[in-house]
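Note that the numbering runs from 1 along the sequence shown for the chain. Side chains included, hydrogens not; waters and symmetry mates left out as well; all remaining heavy atoms used.
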Amino acid sequence: MTISGNIVDSPKQTLIFSYGTLKQGFSNHTLMQDLISRNDAVFLGNYITDLRLPLVRGPYGVPFLLNLPGTGSHRVRGELYSVSDAGLQRLDVLEGITLGHYERLPIAVRPEICDAGDSGRRLVVDAEAYYAHRSFAEDMWRRSGQVGFESYSHEVAKGYVRRDLRPKDRSFREQITLFCSSN
């Protein structure tokens, strides 16, 4: 936090839409809990994508949101967090931004439950999400039979394999390539 004159400037915050393992009750939520405990993240509520987008499972049951608007049949359910720059750096590492696993891009979301006072309209919020990297998104969609999920639920997550239990003979990026090229 910096002080300029009589105004206190808060550190920059980014709104992050989480749809997979970072959600409450899932395997990577411990990172979000750590960020919250360090004041690097704040849970804002349950949100849903404004557009229909495909949410699929990749290798090891890892969830991927695909930046292919209009191809999915669901608005994806997830959680919205306000995250500091320091927290964002940690999320970028987890999501493999520099390794070509995911890319952080804009997304429009809205509260899952709206107030009766808003006349049925839901406030659309501009946030960011970790999408499958564009280099394999279309292949991942084809590999998934062009069928996605509305939510990364505990049922969908049953096939998830934690990082520490995955084979070490190939990188995750190599596993994604193999997954997309298999039948």
Side-chain angles (χ1 to χ4, degrees), residues 14 16-43 46-49 53-68 71-72 74 76-81 83-105 107 109 127-183:
T14 302
I16 295 292
F17 178 70
S18 171
Y19 57 84
T21 64
L22 288 167
K23 292 189 320 181
Q24 296 173 37
F26 292 89
S27 60
N28 287 322
H29 187 67
T30 54
L31 173 56
M32 294 308 297
Q33 290 173 313
D34 187 52
L35 295 179
I36 290 167
S37 73
R38 296 171 185 266
N39 294 317
D40 281 321
V42 175
F43 174 70
N46 295 313
Y47 279 67
I48 189 166
T49 59
L53 294 165
L55 172 63
V56 299
R57 282 185 301 201
Y60 308 115
V62 173
F64 287 94
L65 185 63
L66 306 178
N67 191 16
L68 303 171
T71 58
H74 304 286
V76 177
R77 299 182 183 286
E79 300 173 350
L80 191 66
Y81 292 87
V83 181
S84 71
D85 283 344
L88 203 55
Q89 288 175 7
R90 291 184 61 195
L91 291 174
D92 284 355
V93 168
L94 175 78
E95 302 294 2
I97 295 294
T98 62
L99 303 173
H101 302 166
Y102 291 87
E103 50 190 343
R104 187 166 33 91
L105 299 169
I107 190 167
V109 297
E128 293 182 2
Y130 290 96
Y131 290 93
H133 195 275
R134 70 189 78 196
S135 63
F136 62 83
E138 288 184 19
D139 291 336
M140 182 81 63
W141 183 229
R142 276 191 294 278
R143 171 61 170 81
S144 299
Q146 298 184 340
V147 175
F149 303 98
E150 178 180 13
S151 175
Y152 187 71
S153 64
H154 289 287
E155 183 67 28
V156 172
K158 280 186 179 174
Y160 180 78
V161 178
R162 291 188 344 235
R163 286 177 188 219
D164 60 330
L165 299 177
R166 296 176 194 163
K168 308 290 186 239
D169 60 333
R170 290 190 177 99
S171 72
F172 186 56
R173 189 63 177 90
E174 290 169 323
Q175 289 294 344
I176 291 169
T177 301
L178 287 171
F179 177 85
C180 288
S181 64
S182 66
N183 289 329

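Lys23 contributes a side-chain N or O that, together with a main-chain N or O of Tyr152, makes up a donor-acceptor pair within less than 3.5 Å. A donor-acceptor contact shorter than 3.5 Å links the side chain of Glu79 to the backbone of Gln24.
Ion pairing between a basic and an acidic side chain is recognised when a charged N comes within 4.0 Å of a carboxylate O; Arg38 and Asp40 show no such pairing.
At a threshold of 4.5 Å between non-hydrogen side-chain atoms, the residues Val56 and Trp141 count as touching. In this structure, Leu80 and Val109 have side chains that are in contact, with non-hydrogen atoms separated by less than 4.5 Å. Considering only heavy atoms from C-beta on, Met140 comes within 4.5 Å of Ile176 through its side chain. At a threshold of 4.5 Å between non-hydrogen side-chain atoms, the residues Phe136 and Thr177 do not count as touching. At a threshold of 4.5 Å between non-hydrogen side-chain atoms, the residues Glu150 and Val76 do not count as touching.
The two residues Ile16 and Arg104 come nearest to each other via the heavy atoms CD1-CD, 3.8 Å. Shortest non-hydrogen contact noted between Gly20 and Pro63 is CA-CG, 3.8 Å. Summarising the geometry of Gly87 relative to Leu35, their closest heavy-atom pair is CA-CD2, 3.7 Å, with the distance given to 0.1 Å. Contact between Asp139 and Cys180 at its shortest, heavy atoms only, is CB-CB, 3.8 Å. Taking all atoms of both residues into account, the shortest heavy-atom contact from Leu65 to Ala129 is CD2-CB, 4.3 Å. Scanning all heavy atoms of the two residues, the minimum distance from Pro59 to Phe64 falls at CD-CE1, 4.3 Å.
Separating the CZ atom in Phe17 from the OG1 atom in Thr49 is a distance of 6.0 Å, to the nearest 0.5 Å. Between atom OH of residue Tyr19 and atom CD1 of residue Ile107 there is a gap of 8.5 Å, rounded to the nearest 0.5 Å. For the atom pair OG (Ser171) and NE2 (His101), the distance works out to 6.0 Å, reported to the nearest 0.5 Å. In this structure, the separation between CZ on Phe149 and CZ on Arg77 is 15.0 Å, given to the nearest 0.5 Å. To the nearest 0.5 Å, atom CD of residue Gln33 and atom CG of residue Leu22 are 11.0 Å apart. For the atom pair CG (Asn46) and OG (Ser151), the distance works out to 9.5 Å, reported to the nearest 0.5 Å.
Note that Arg166 lies in the cation-pi zone of Phe172, set by a 6.0 Å cut-off to the ring centre and a 45° limit from the axis.
Counting only residues at least two apart or on different chains, no salt bridge (charged side-chain N to carboxylate O under 4.0 Å, His left out) pair has a member in residues 168-178.
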(message) Is there a side chain to side chain contact (heavy atoms under 4.5 Å, CB included) between Gln146 and Leu68? Walk through the geometry before answering.
(response) CA-CA 11 Å; Gln146 298 184 340; Leu68 303 171; over 6 Å; no
(request) Please test Leu91 against Tyr102 for side chain to side chain contact (heavy atoms under 4.5 Å, CB included), starting from the C-alpha separation and ending with a verdict. (result) CA-CA 11 Å; Leu91 291 174; Tyr102 291 87; over 6 Å; no
(request) Begin with the C-alpha distance, continue with both residues' side-chain angles, and end with the deciding distance and a verdict on side-chain hydrogen bond (donor to acceptor under 3.5 Å, both in side chains) for Asp92 and Tyr130. (result) CA-CA 9 Å; Asp92 284 355; Tyr130 290 96; 2.6 Å; yes
(message) Quick one, Leu66 with Tyr131, criterion side chain to side chain contact (heavy atoms under 4.5 Å, CB included). Give me CA distance, side-chain angles, the key distance, then yes/no.
(response) CA-CA 6 Å; Leu66 306 178; Tyr131 290 93; 5.9 Å; no
(request) Just do the side chain to side chain contact (heavy atoms under 4.5 Å, CB included) check on Asn67 and Leu105 with the steps written out, would you? (result) CA-CA 9 Å; Asn67 191 16; Leu105 299 169; 3.6 Å; yes
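The ring pair (Phe, Tyr, Trp, His ring centres under 6.0 Å) search around Tyr81 returns Phe43, not counting sequence neighbours. Under the rule for a side-chain hydrogen bond (donor to acceptor under 3.5 Å, both in side chains), the partners of Tyr60 that lie at least two apart in sequence or sit in another chain are Gln175.
Looking only at atom types and distance, the side chain of Ser182 has a donor-acceptor partner in the side chain of Arg143 under 3.5 Å away.
The number of heavy atoms from other shown groups lying within 6.0 Å of CZ (Arg134) does not exceed 12.
Relative ring orientation between His154 and Phe26 is described as parallel, the plane-to-plane angle staying below 30° on a 0-90° scale split at 30° and 60°.
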